Amino acid sequence: MGSVTETKFEVLNDELASKIDKILSENAYDSTKLVGILLDVQDVVPKKYVPMDVAAYVAAKLNIPLTGVYDVITFYASLSEKPRADHVINLCKSIVCKTNNYMDLQKSLEKFLGIKVGEATEDGKFALEYSACFGACDVAPAIKIDQDVYGKLTDEKLIEIINSYR
Amino acid sequence: MSKSVSLITENYNKYNPDSIDEFINIGGFTGLKNALNMSSDDVISIAKASKVMGRGGAAYPLGKKWEQAKSVPGDNKVVICNADEGEPCTFKDRSMLEKDPFRLIEGMAIAGYTVGAQNGYLYIREEYRHLHPQMKNAIKQAKEKGYLGKNILGTDFSYNIHVYSGAGAYVCGEGSALIESIEGKSGRPRIKPPFIKQCGLNLLPTCVNNVETLAIGTALLTHGAEKYLSYGTSDCPGTKIISIAGNVNKPGVYEIPFGLTLREIIYDIAGGVPGNKAITLFQLGGASGKIGPPSLLDTPYSYDDLHKVGLVIGSGAILVVDENMKPLEFLHSIQEFFCHESCGKCTPCREGNKQIAHILDRLLAKTQKDTDVDTLIRLAKLMSQSSFCGLGETAQSALLNAIRYFPEEFGLK
């Protein structure tokens with residue numbers, strides 16, 4: 001039931017650095033692409049976040065101040081400076097999903113995962129977070145696991161989908 | 001007979017969105033070819049004749065916007081396509097990115113030619129990140145076939161399109177915040193003037209158009225303004241892509257002629273309310289849009305008719321809320337959204353949203369103070385008059401209309 005307990009301060013290793021280099025090179029080391037770069041970088045970091053040493057690495061490679069990187073990480077909802085999980089499950093709680101009773105979906109999710117919204121499973125596989133509207137109102141109530149959107153779910157279907165990420 | 005139509009959405013499900021050849025086979029890029037065979041002033045005349053209003057929410061006339069963008073001095077200009085549709089219940093632009101990506105590219109190229117830009121930027125919200133590869137592929141193919149890049153179709157016109165991603169910030173739908181984001185920064189709005197049409201992305205003159213607006217541009221240049229004008233009513237011609245959701249049987253994206261009533265849209269197109277429940281209210285244009293009571297359901301869906309009863313088309317979202325939810329619960333939910341999405345730059349929006357949320361909490365719990373409703377109205381008006389950007393200005397649209405149409409909820413009757 002606990003939250004993720006990643007305590008290592010140094011996440012960057014040679015393997016991760018080369019993955020980040022590839023992302024930076026695909027974006028031609030263009031610092032105006034920082035928002036998209038950080039999203040891609042976050043995806044290749046275990047537990048889907050931007051650790052400080054990674055932020056510093058990106059800043060140095062793009063030749064911009066570290067504060068500029070943190071300006072972006074801390075502003076945008078889809079970027080995290082704290083470790084999350086292997087897969088982030090976003091539960092939409094916007095008005096359209098509310099009219100379609102997302103609260104029942106939340107109960108099912110919390111039951112299957114054994115955690116509350118805002119927590120991560122002990123094995124670090126899943127984090128469950130609230131989200132603003134991601135434009136899947138036609139299939140509300142909806143969840144987004146990483147980049148994949150699912151809606152109009154029965155409990156059976158929900159279990160099947162979650163298990164497919166294990 | 002179906003009441004929906006197919007003009008801007010004419011290509012939906014007609015071709016494989018990964019294949020430029022299939023797009024060209026069904027007449028793709030005819031609009032761009034036609035545009036390149038005329039002067040940019042002629043393109044502007046067509047846009048003006050069609051009376052198309054911008055579809056991002058502010059309803060600024062397209063012809064006027066392009067004319068102004070063209071007349072701004074400068075050899076280096078920028079077109080931005082705003083694909084950051086973040087208004088809850090709005091997912092019409094998603095359908096265009098999914099089903100007709102080449103039409104959007106064609107529209108961006110037409111816009112670039114018209115205003116004299118060399119570069120187009122497509123800013124797609126992070127929530128649609130799964131659609132980025134398809135868009136990038138479409139741009140790559142268009143470049144290979146000579147519809148983008150240097151000397152397009154053998155003319156002097158050269159133009160490239162770049163894809164940028166948002167990262168989950170509603171405020172980035174605002175033009176200047178979006179520009180900050182494309183410059184690699186946090187998305188907080190800029191002070192105006194200078195206006196972005198004169199000094200926008202990288203300090204260049206910038207023309208920002210919505211996805212649907214650009215898709216209409218393609219239709220106008222492909223079929224002519226007359227075709228577009230043949231739909232709708234004489235006062236409000238044309239078609240609109242709507243996204244309808246909430247408590248309806250068939251939520252989804254539909255293209256409709258202007259002038260259908262809200263009742264026709266909700267019952268004939270979207271299949272009515274599940275279980276035939278009564279409608280408590282509806283909201284047009286997303287969370288920042290206005291709400292109306294069921295007594296207004298026979299209002300025609302047109303700019304003027306809606307305006308007369310205090311409603312707006314906005315983004316084209318139509319949210320239907322049935323009797324299971326009361327107006328105060330509804331307001332409470334969208335207030336949570338604005339508290340989360342306010343960027344915090346200006347005090348009226350940052351603090352106003354918080355204080356209004358507190359008061360709504362008390363009204364729901366029936367623990368309100370005597371002065372609460374007065375304070376609520378005062379703050380809502382203050383926010384709309386003194387906020388830094390459109391987010392704060394429109395955040396209380398629903399609340400102000402609720403006070404007008406549901407006064408009993410606030411003990412005002």
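Bear in mind the structure is a predicted one, so any value in this text is a computation, not a measurement. Letters A, B, ... mirror the listed sequences (proteins, then strands); counts begin at 1.
The contact between B:Glu336 and chain A is made entirely by side chain atoms (from C-beta outward), counting heavy-atom distances below 4.5 Å. For chain A, the nearby parts of B:Arg129 are the backbone and the side chain; heavy atoms of each come within less than 4.5 Å. For B:Ser181, the parts lying under 4.5 angstrom from a heavy atom of chain A are both the backbone and the side chain. With a threshold of 4.5 angstrom between heavy atoms, B:Tyr128 approaches chain A through side-chain atoms but not through N, CA, C or O. When heavy atoms are compared at a cutoff of 4.5 Å, A:Asp30 approaches chain B solely by way of its side chain, counted from C-beta outward. Looking at B:Leu319, the atoms closer than 4.5 Å to chain A (heavy atoms on both sides) all sit in the side chain, from C-beta outward. Residue B:Val248 does not touch chain A at all, counting heavy-atom pairs closer than 4.5 Å.
Of the listed residues (B:Ala245, B:Gly86, B:Pro88), the one with the most heavy-atom contacts under 4.5 Å to chain A is B:Pro88. Heavy-atom pairs under 4.5 Å with chain A peak, among B:Gly252, B:Cys89, B:Ala169, B:Pro274, at B:Cys89. When B:Gln283, B:Glu329, B:Arg188 are compared by the number of non-hydrogen pairs under 4.5 Å with chain A, B:Arg188 comes out ahead. Listed options A:Leu39, A:Leu38, A:Asn27 were ranked by heavy-atom pairs under 4.5 angstrom with chain B; first place goes to A:Leu39. The choice from A:Ile95, A:Val72, A:Thr74 that makes the most heavy-atom pairs within less than 4.5 Å of chain B is A:Ile95. Your options are A:Ile73, A:Ile64, A:Leu62, A:Val96, and the one with the most heavy-atom pairs under 4.5 Å with chain B is A:Val96. Your options are A:Asp148, A:Leu79, A:Leu34, and the one with the most heavy-atom pairs under 4.5 Å with chain B is A:Leu34.
Counting heavy atoms from C-beta on, the side chains of B:Phe282 and B:Ile291 never come closer than 4.5 Å.
With B:Ser315 contributing its side chain and B:Thr90 its backbone, the two residues share no donor-acceptor pair below 3.5 Å.
In summary, B:Lys185 and A:Asp71 do not engage in a salt bridge, as defined by a charged side-chain N under 4.0 Å from a carboxylate O.
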Quiz prompt | B:Arg125 and B:Glu85: CA distance, side-chain angles, deciding distance, salt bridge (Lys or Arg N to Asp or Glu O under 4.0 Å) verdict | solution = CA-CA 7 Å; B:Arg125 64 189 311 226; B:Glu85 59 172 358; over 6 Å; no

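A:Phe126 and A:Tyr165 have perpendicular rings, their planes meeting at more than 60° on a 0 to 90° scale where under 30° would count as parallel.
Taking A:Glu156 as the reference, A:Thr154 meet the side chain to side chain contact (heavy atoms under 4.5 Å, CB included) condition, with sequence neighbours excluded.
Evaluated for a salt bridge (charged side-chain N to carboxylate O under 4.0 Å, His left out) with A:Glu129, the options A:Arg84, A:Lys144, A:Lys93 yield exactly one hit, A:Arg84.
To the nearest 0.5 Å, atom NZ of residue A:Lys19 and atom CG of residue A:Asp14 are 12.5 Å apart.
Between B:Tyr164 and B:Tyr123, the gap from one ring centroid to the other reaches at least 6.0 Å.
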